[in-house]
Amino acid sequence: MLRFAVITLFPELIRPVTESGVTGRAVDRDLISVETWNPRDFARDRHRTVDDRAYGGGPGMVMQVEPLGETIRQARSQLPAGSKTIYLSPQGRLLDQALVEELAAAPGLLLVAGRYEGVDERLLEQEVDLEVSIGDYVLSGGELPAMVVIDALARLQPGALGHAESASQDSFSAEGLLDHPHFTRPETVEGRAVPPVLLGGDHEAIRQWRLKQALGRTWQRRPDLLARRELSEEERRLLDEFIAEQSG
Ligand SMILES: NC(=O)c1ccc(NCc2ccccc2N2CCOCC2)nc1
């Protein structure tokens with residue numbers, strides 16, 4: 001059971017990930033748990049203040065060390081020992097499948113979703129194990145990135161993916177390649193037919209066709225991924241065939 005605690009001023013944003021799809025089913029099956037903690041509930045003043053103006057001036061507000069720190073400590077006390085505290089921010093380490101697999105090793109994850117212009121740096125130094133970014137773009141808060149982490153990790157929990165979905169585990173994530181094309185009925189759409197190899201029952205030919213397509217598409221669209229990946233003798237041959245077919 002992988003336990004998530006999400007610190008957020010908008011807990012209603014997180015609930016959908018616990019109610020539907022693979023993640024909702026993972027919660028139902030006790031493969032994961034997701035709790036939200038709102039720093040406003042730990043604010044001691046009458047106005048339940050969680051932010052304040054930035055030292056040094058400038059626009060926007062900064063989340064204060066307290067009550068955010070108290071919320072983190074309370075939430076962490078409910079997580080298993082060895083849980084990691086993750087801060088979602090544009091300044092974080094870029095999330096990729098390798099990091100997803102690293103994070104999956106933790107018994108619990110405390111995900112801190114920032115708002116405003118960010119959080120007082122001293123709280124990060126004091127409480128955060130790792131800053132994580134889901135990509136080089138700016139969002140209004142860390143809640144969507146937190147749900148991305150929950151989704152990517154839930155899929156790795158044994159039993160989360162039915163046999164029908166476990167195929168999707170074999171593509172990009174596991175092999176470091178982009179996925180091969182997918183087809184279903186009808187056989188012809190606007191005069192475009194399904195590749196004949198897929199209509200036959202030659203499973204070895206189908207496996208090779210899919211591997212070749214995955215290699216070719218990775219070569220075409222994400223050469224950076226290919227650069228990082230050793231190719232087996234078979235993969236090298238299939239990719240060379242793909243490239244030769246491209247030049248016509
Ligand atoms: N790429 C990501 O993972 C990502 C994550 C969060 C995020 N936003 C919340 C946030 C969190 C921390 C610091 C600043 C901010 N921002 C607040 C709004 O202003 C911009 C900075 N944006 C993108």
Side-chain angles (χ1 to χ4, degrees), residues 2 4-18 21-23 32 34-43 47-76 79 83-106 108-156 172-173 221-222 224-225:
L2 178 52
F4 293 97
V6 183
I7 313 272
T8 171
L9 291 168
F10 297 94
E12 68 278 6
L13 285 182
I14 304 297
R15 223 169 318 289
V17 95
T18 67
V22 169
T23 46
I32 66 170
V34 181
E35 286 192 354
T36 57
W37 296 73
N38 188 339
R40 244 185 243 297
D41 298 335
F42 293 82
H47 300 289
R48 300 191 352 132
T49 311
V50 295
D51 65 313
D52 199 346
R53 292 171 37 243
Y55 281 120
M61 303 290 274
V62 174
M63 289 185 83
Q64 292 178 285
V65 176
E66 299 303 345
L68 184 50
E70 180 59 18
T71 315
I72 289 175
R73 288 186 291 277
Q74 287 294 328
R76 192 186 286 134
L79 286 177
S83 294
K84 291 266 181 286
T85 302
I86 309 286
Y87 179 56
L88 290 311
S89 95
Q91 286 72 42
R93 176 177 158 191
L94 202 52
L95 185 71
D96 59 9
Q97 200 64 27
L99 179 53
V100 170
E101 283 162 12
E102 274 178 49
L103 295 177
L109 288 176
L110 180 58
L111 303 176
V112 181
R115 281 273 161 173
Y116 304 105
E117 291 316 300
V119 168
D120 188 303
E121 191 66 16
R122 291 164 296 180
L123 178 116
L124 303 182
E125 287 161 3
Q126 181 185 307
E127 301 291 349
V128 168
D129 296 315
L130 178 68
E131 278 193 61
V132 172
S133 168
I134 62 166
D136 291 332
Y137 36 82
V138 175
L139 303 169
S140 316
E143 285 80 10
L144 285 173
M147 289 191 278
V148 163
V149 170
I150 292 170
D151 189 301
L153 280 154
R155 298 173 61 78
L156 295 186
F172 180 106
S173 56
R221 304 181 189 189
R222 290 291 305 280
D224 58 300
L225 292 178

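Since this is a predicted model, take the numbers as computed values, not measurements. Counting starts at 1 for both ligands and their atoms, following the listed order.
For Arg53, the CZ atom is loosely surrounded, since the number of other residues' heavy atoms within 6.0 Å does not exceed 12.
Not counting sequence neighbours, Asp129 has no partner by the salt bridge (charged side-chain N to carboxylate O under 4.0 Å, His left out) test.
Taking 4.5 Å as the limit, every side-chain heavy atom of Thr23 sits out of range of all side-chain heavy atoms of Val34.
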What are the polar N/O contacts of ligand 1 with the protein below 3.5 Å, with distances?
| unit_1 | atom_1 | unit_2 | atom_2 | d |
| --- | --- | --- | --- | --- |
| ligand 1 | 1 (N) | Ser133 | OG | 3.2 |
| ligand 1 | 1 (N) | Gly135 | O | 2.8 |
| ligand 1 | 1 (N) | Tyr137 | O | 3.1 |
| ligand 1 | 3 (O) | Ile134 | N | 2.8 |
| ligand 1 | 8 (N) | Leu139 | O | 2.9 |
| ligand 1 | 22 (N) | Leu139 | N | 2.9 |

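Each of Leu88, Ile150, Ile86 was compared with Pro145 under the side-chain contact (heavy atoms from CB on, under 4.5 Å) criterion, and only Leu88 meets it.
Screening residues 61-75 for salt bridge (charged side-chain N to carboxylate O under 4.0 Å, His left out) gives Glu66-Arg73, Glu70-Arg73, Arg73-Glu127 as the qualifying pairs, with residues at least two apart or on separate chains. For residues 88-100, the pairs satisfying salt bridge (charged side-chain N to carboxylate O under 4.0 Å, His left out) are Arg93-Glu102, with sequence neighbours left out.
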